[in-house]
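Here is the structure we will look at, set down as structure tokens.
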Amino acid sequence: MEEQHGAPEQAAAGKSHGGLGGSYKVIVYELENFQGKRCELSAECPSLTDSLLEKVGSIQVKSGPWLGFESRAFRGEQFVLEKGDYPRWDAWSNSRNSDSLLSLRPLNIVGWL
């Protein structure tokens, strides 16, 4: 299979801010170990596979945290993705029933008063 690299697609318009005032940023790759087509997100994406990628093989969270969902439209099992590298599906999920991640959104953390 031929590896595709190039400038990451900017898939989200506008600015979102992370838990401590930083911006949200995640890079999603089609293949495991950060290979293949990639897409950079800075805001929620209800369906990663509609036009951006065929599947999600690995993820790099640059700033966040993010909430990943096994189904489109933010449905199904949820996965909290903190800053770091997730080279394959079992790095973000310990579920034997779910090996897919089809939607992502920034996780807004609100402090207690």
Side-chain angles (χ1 to χ4, degrees):
M1 183 177 285
E2 185 176 327
E3 179 179 316
Q4 297 175 358
H5 280 287
E9 291 181 49
Q10 200 58 262
K15 294 183 179 178
S16 298
H17 294 285
L20 298 175
S23 62
Y24 289 105
K25 183 177 175 184
V26 65
I27 303 172
V28 183
Y29 296 83
E30 214 164 46
L31 304 175
E32 292 180 358
N33 297 311
F34 318 110
Q35 303 292 312
K37 189 176 174 184
R38 62 187 183 182
C39 176
E40 185 176 308
L41 301 171
S42 59
E44 70 180 29
C45 182
S47 181
L48 292 164
T49 57
D50 274 353
S51 61
L52 301 174
L53 304 170
E54 286 187 32
K55 65 177 186 168
V56 175
S58 52
I59 303 167
Q60 289 180 311
V61 177
K62 299 297 184 180
S63 59
W66 288 77
L67 196 54
F69 297 83
E70 71 173 329
S71 301
R72 290 181 177 97
F74 315 113
R75 297 180 187 268
E77 190 170 352
Q78 300 175 20
F79 312 101
V80 175
L81 304 169
E82 296 176 335
K83 185 176 178 181
D85 294 343
Y86 301 84
R88 50 177 277 133
W89 72 271
D90 57 3
W92 68 74
S93 171
N94 58 5
S95 172
R96 294 189 182 267
N97 299 327
S98 178
D99 65 351
S100 64
L101 190 137
L102 298 176
S103 53
L104 278 170
R105 71 169 29 143
L107 179 59
N108 292 315
I109 299 173
V110 178
W112 294 89
L113 296 176

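The structure displayed is predicted, hence computed values, not measured ones. Quick note: numbers below take in every heavy atom, side chains included, and nothing from hydrogens, waters or symmetry partners.
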(request) Would you please name every residue forming a side-chain contact (heavy atoms from CB on, under 4.5 Å) with Thr49, sequence neighbours left out? (result) Ser47, Arg72, Leu102
(message) Please enumerate all residues that pass side-chain contact (heavy atoms from CB on, under 4.5 Å) together with Asp85, with sequence neighbours excluded.
(response) Phe34, Gln60
(message) For Arg88, give me all partners under side-chain hydrogen bond (donor to acceptor under 3.5 Å, both in side chains), at least two apart in sequence or on another chain.
(response)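 By the side-chain hydrogen bond (donor to acceptor under 3.5 Å, both in side chains) rule, Arg88 matches Glu32, Asp90.
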(message) My understanding is that only residues two or more places apart in sequence, or in another chain, count here; which of them pass side-chain hydrogen bond (donor to acceptor under 3.5 Å, both in side chains) with Asn33?
(response)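 side-chain hydrogen bond (donor to acceptor under 3.5 Å, both in side chains) list for Asn33, sorted by chain: empty.
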(message) Once ring pair (Phe, Tyr, Trp, His ring centres under 6.0 Å) is applied, what residue pairs with a partner in residues 45-70 remain, sequence neighbours excluded?
(response)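 Only Tyr24-Trp66, Phe69-Phe74 qualify under ring pair (Phe, Tyr, Trp, His ring centres under 6.0 Å).
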(message) If I compare all heavy atoms of Ser103 with all of Pro46, which pair ends up nearest, and what's the gap?
(response) CB-O, 3.2 Å
(request) Applying side-chain contact (heavy atoms from CB on, under 4.5 Å), run through Leu41 and Leu48 and close with a yes or a no. (result) CA-CA 10 Å; Leu41 301 171; Leu48 292 164; 3.7 Å; yes
(request) State whether the side chain of Ser42 and the backbone N or O of Lys25 hold a donor-acceptor pair below 3.5 Å, judged by distance alone. (result) no
(message) Strictly distance-based, threshold 3.5 Å: is any side-chain N or O of Glu70 a donor or acceptor partner for the main-chain N or O of Glu77?
(response) yes
(message) Would Trp92 and Val61 count as a side-chain contact (heavy atoms from CB on, under 4.5 Å) here? Give the steps.
(response) CA-CA 11 Å; Trp92 68 74; Val61 177; over 6 Å; no
(request) In sequence, state the C-alpha distance, the side-chain angles, and the governing distance for Leu67 and Leu81, and then conclude on side-chain contact (heavy atoms from CB on, under 4.5 Å). (result) CA-CA 6 Å; Leu67 196 54; Leu81 304 169; over 6 Å; no
Enter the distance from [X]:[atom1] to [Y]:[atom2] here, rounded to the nearest 0.5 Å.
X: Ser71; Y: Gln78; atom1: OG; atom2: CD; answer: 11.0 Å
X: Ile59; Y: Leu101; atom1: CD1; atom2: CG; answer: 4.5 Å
X: Cys39; Y: Leu52; atom1: SG; atom2: CG; answer: 4.5 Å

(message) Under the salt bridge (charged side-chain N to carboxylate O under 4.0 Å, His left out) definition, can you give me all pairs with a residue in residues 51-65, not counting sequence neighbours?
(response)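 The answer is none; no pair qualifies.
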